[in-house]
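One structure is given below, encoded as structure tokens.
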Amino acid sequence: MTASFEILDYIIFIAYAILILGVGLWVSRDKKGHQKNAEDYFLASKSLPWWAIGASLIAANISAEQFIGMSGSGFASGLAIASYEWMAALTLIIVGKYFLPIFIEKGLYTIPEFVEKRYSTNLKTILAVFWIALYVFVNLTTVLYLGSLALETIMGIPMMYGVAGLALFAAAYSLYGGLSAVAWTDVIQVVFLVIGGLVTTYLALNTVSDGQGMFAGLTTIYEAVPERFAMILDESNPEYKNLPGIAVLVGGMWVANLYYWGFNQYIIQRTLAAKSLKEAQKGILFAAGLKLVIPLIVVIPGIAAYVMVNDPDIMARLGMAGLENLPSTEQADKAYPWLLQFLPTGLKGVAFAALAAAIVSSLASMLNSTSTIFTMDIYKQYINKNASDKATVNMGRISAGVALVIACIMAPLLGNLDQAFQFIQEYTGVVSPGILAVFMLGLFWKKTTNKGAIFGALISIPIAMYFKVAPKGWSTSSLFVDVPFMHQMGYTVVLTMIVIAIYSYLQHKGADDEKGIDISKAMFKTSPLFNIGSFAVMLILVVLYSVFWN
């Protein structure tokens with residue numbers, strides 16, 4: 001085993017980079033006699049097939065915070081963190097059946113655009129600013145930080161150079177080509193992502209079992225740390241605050257998942273670019289199926305690393321290289337980069353290409369969605385209402401570039417961050433409950449008013465911060481002392497919905513709002529393929545949770 005990159009690894013990685021850039025620029029080219037318009041740039045000309053949608057959903061979702069952050073959480077707490085992935089499979093089915101029909105019927109470019117059609121321009125602007133800030137200061141920044149951390153750990157590249165390199169790579173094709181370049185390169189990225197991830201998992205488990213193979217390795221780590229395979233943690237577990245028991249099934253996890261998969265621009269934008277509603281729903285189902293296997297490549301390696309670090313015999317086999325960049329419970333996010341050091345020459349290049357694919361595809365997706373929201377919901381609304389297609393596309397590129405520069409400046413400041421996946425969930429959880437409440441009531445309760453939604457969206461932030469900050473100064477007898485953040489999200493969304501409902505009811509004396517959405521049973525009718533696939537996904541989830549409950 002060698003902890004260094006060899007020439008073959010560099011060749012494989014460079015070939016991957018050239019392939020992605022080449023494909024991205026090729027699909028970005030303007031057809032002869034056709035000037036790129038807003039639909040081309042922001043919605044890929046509404047031409048994406050189901051398999052491209054499903055692959056792009058996973059590539060946009062699986063990034064450094066999964067490969068590095070989730071492996072870190074797997075190192076620290078075990079398989080329980082996989083609930084984010086497995087519950088996401090069920091959430092995707094709900095989104096495909098109940099949310100997409102409404103979004104696609106309204107011909108949306110952006111999620112804030114739905115807010116304008118259902119509520120008002122004022123609320124759309126408030127939420128657009130929320131999202132832009134969240135994407136730039138949390139999502140983009142964290143992905144850049146974690147990606148450059150991997151480069152620093154594996155290849156010795158200083159943090160600032162890593163940040164700049166990843167940023168330029170993502171910008172090279174996404175700023176020019178828009179969603180079309182992002183989505184079609186994602187199809188390639190997800191192949192690298194899955195194959196490279198499986199290679200790392202296999203070799204980590206093979207090392208743990210001393211060459212006996214993957215399944216022997218799974219048995220070994222299960223026997224070594226059976227407590228790390230409990231999906232539902234009890235209060236005695238040190239990680240209970242991050243994954244509070246049954247709440248991952250029936251509590252705040254739903255707030256995080258419904259917000260992320262249903263109302264998150266850089267995720268839902270792929271489905272809005274589908275050829276048709278049925279094509280979008282097939283893509284959603286494909287992504288749900290992939291979600292079931294993702295923990296195998298992003299969580300199991302972290303558990304394997306935990307077993308390796310705590311086994312003197314394995315550490316002895318690794319030699320001095322095993323002591324470099326050693327992960328610990330205080331620096332759990334080093335687990336995945338540490339594992340990559342020990343892959344054989346050639347395979348290391350493949351695995352690192354997978355990690356880069358995850359990072360770059362997510363960066364490109366976030367950049368495209370940030371620019372879409374800014375351009376369509378801020379620029380065209382307030383700065384240049386009569387902007388031509390050329391001006392609109394150019395502003396999309398400029399705004400994405402500015403967002404990337406800000407994130408590059410912020411990323412190195414996260415240097416002392418541990419378990420970055422939890423950091424993202426926790427700080428997104430301050431904003432997401434209010435947005436979820438506004439959307440859920442707007443979609444399914446016709447009495448919800450614009451003023452009620454605005455008041456609820458604004459009041460949700462102090463409610464969330466109250467649960468996050470204020471209780472820590474209270475006595476231990478208090479009901480809300482040191483509340484796990486999933487409970488904070490659950491309490492916040494319920495209280496926000498109550499505030500919106502009361503305000504709306506009093507404003508219209510119980511009458512329907514004039515912009516309320518007419519919903520019929522026929523609107524949510526899905527194909528036999530979607531129904532059968534959904535049932536299969538739910539059955540697999542029941543089996544998984546039955547096996548790994550505690």
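Here the structure is a predicted model, which is why all the values come from computation and not from measurement.
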Quick check against the 3.5 Å criterion: does [X] have a side-chain atom that pairs as donor or acceptor with the backbone of [Y]?
| X | Y | result |
| --- | --- | --- |
| T271 | A280 | no |
| E6 | T345 | no |
| S362 | I359 | no |
| D9 | G346 | yes |
| R397 | S371 | no |
| R228 | A76 | yes |

A side-chain contact here means heavy atoms from C-beta on lying under 4.5 Å apart; do [X] and [Y] qualify?
| X | Y | answer |
| --- | --- | --- |
| W86 | I540 | no |
| L79 | M231 | yes |
| I267 | Y260 | yes |
| S56 | V187 | no |
| L323 | M315 | yes |
| K291 | I62 | yes |
| T370 | S399 | no |
| L347 | L203 | yes |

Ring centroid separation F286 to W51 under 6.0 Å
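No, too far apart.
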Looking only at the aromatic ring of each residue, does the gap between the centers of F263 and F99 stay below 6.0 angstrom?
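So the answer is yes for these two rings.
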Taking the inter-plane angle between the rings of F169 and Y16 on a 0 to 90° scale, is it parallel (under 30°), tilted (30 to 60°) or perpendicular (over 60°)?
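Judged by the thresholds at 30° and 60°, the geometry between F169 and Y16 is perpendicular.
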Parallel, tilted or perpendicular: which describes the rings of F229 and Y222, with under 30° parallel and over 60° perpendicular?
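Plane angle over 60°, so perpendicular.
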More than 12 heavy atoms of other residues, nucleotides or ligands under 6.0 Å from CD1 of I7: yes or no?
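Count not over threshold, so no.
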Flag if over 12 foreign heavy atoms under 6.0 Å of OH, Y161
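Open: at most 12 neighbouring heavy atoms sit under 6.0 Å from OH of Y161.
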Intermediate values then yes/no, side chain to side chain contact (heavy atoms under 4.5 Å, CB included), Y306 and V225
CA-CA 9 Å; Y306 179 82; V225 285; 3.7 Å; yes
Pairwise distance [atom1]([X]) to [atom2]([Y]) - rounded to 0.5 angstrom:
| X | Y | atom1 | atom2 | result |
| --- | --- | --- | --- | --- |
| M308 | L339 | CE | CG | 5.5 Å |
| S276 | W50 | OG | CH2 | 13.0 Å |
| I93 | I284 | CD1 | CD1 | 9.5 Å |
| L318 | D311 | CG | CG | 9.5 Å |
| M159 | Y145 | CE | OH | 5.0 Å |
| L292 | L541 | CG | CG | 5.5 Å |

How far apart are the closest heavy atoms of [X] and [Y], and which atoms are they?
| X | Y | value |
| --- | --- | --- |
| S534 | L285 | N-CD1, 3.7 Å |
| I268 | W261 | CD1-O, 3.5 Å |
| V542 | S546 | O-OG, 2.6 Å |
| L363 | A170 | CB-CB, 3.8 Å |
| G162 | I157 | N-CG2, 3.8 Å |
| V190 | A55 | CG1-CB, 3.7 Å |

Out of I294, I81, I297, which residue meets the side chain to side chain contact (heavy atoms under 4.5 Å, CB included) rule with M70?
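Among I294, I81, I297, the one that satisfies the side chain to side chain contact (heavy atoms under 4.5 Å, CB included) with M70 is I81.
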Start with the C-alpha gap between M87 and W254, add the side-chain angles, then the distance that decides, and say whether side chain to side chain contact (heavy atoms under 4.5 Å, CB included) holds.
CA-CA 8 Å; M87 293 303 289; W254 281 104; 3.5 Å; yes
Partners of V431 by side chain to side chain contact (heavy atoms under 4.5 Å, CB included), sequence neighbours excluded?
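Only F130, I435, I461 meet the side chain to side chain contact (heavy atoms under 4.5 Å, CB included) criterion with V431.
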Distance-only polar pair, side chains of N264 and Y135, donor-acceptor under 3.5 Å
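Yes, a side-chain donor-acceptor pair sits under 3.5 Å.
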For N237 and L243, what are the C-alpha separation, side-chain angles and deciding distance, and is it a side chain to side chain contact (heavy atoms under 4.5 Å, CB included)?
CA-CA 9 Å; N237 193 296; L243 296 160; over 6 Å; no
Give the intermediate values and the outcome of side chain to side chain contact (heavy atoms under 4.5 Å, CB included) for residues F530 and K278.
CA-CA 9 Å; F530 184 86; K278 283 191 175 180; over 6 Å; no
Got a sec, which residues hit side chain to side chain donor-acceptor pair (under 3.5 Å) with S83, two or more places apart in sequence or on another chain?
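Side chain to side chain donor-acceptor pair (under 3.5 Å) list for S83, sorted by chain: Y545.
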Expected list for residues 209-216: side-chain donor-acceptor pairs under 3.5 angstrom, two or more places apart:
unit_1 : atom_1 : unit_2 : atom_2 : d
S209   : OG     : L205   : O      : 3.1
S209   : OG     : N206   : O      : 3.2
S209   : OG     : Q212   : N      : 3.2
S209   : OG     : G213   : N      : 3.3
S209   : OG     : G213   : O      : 3.1

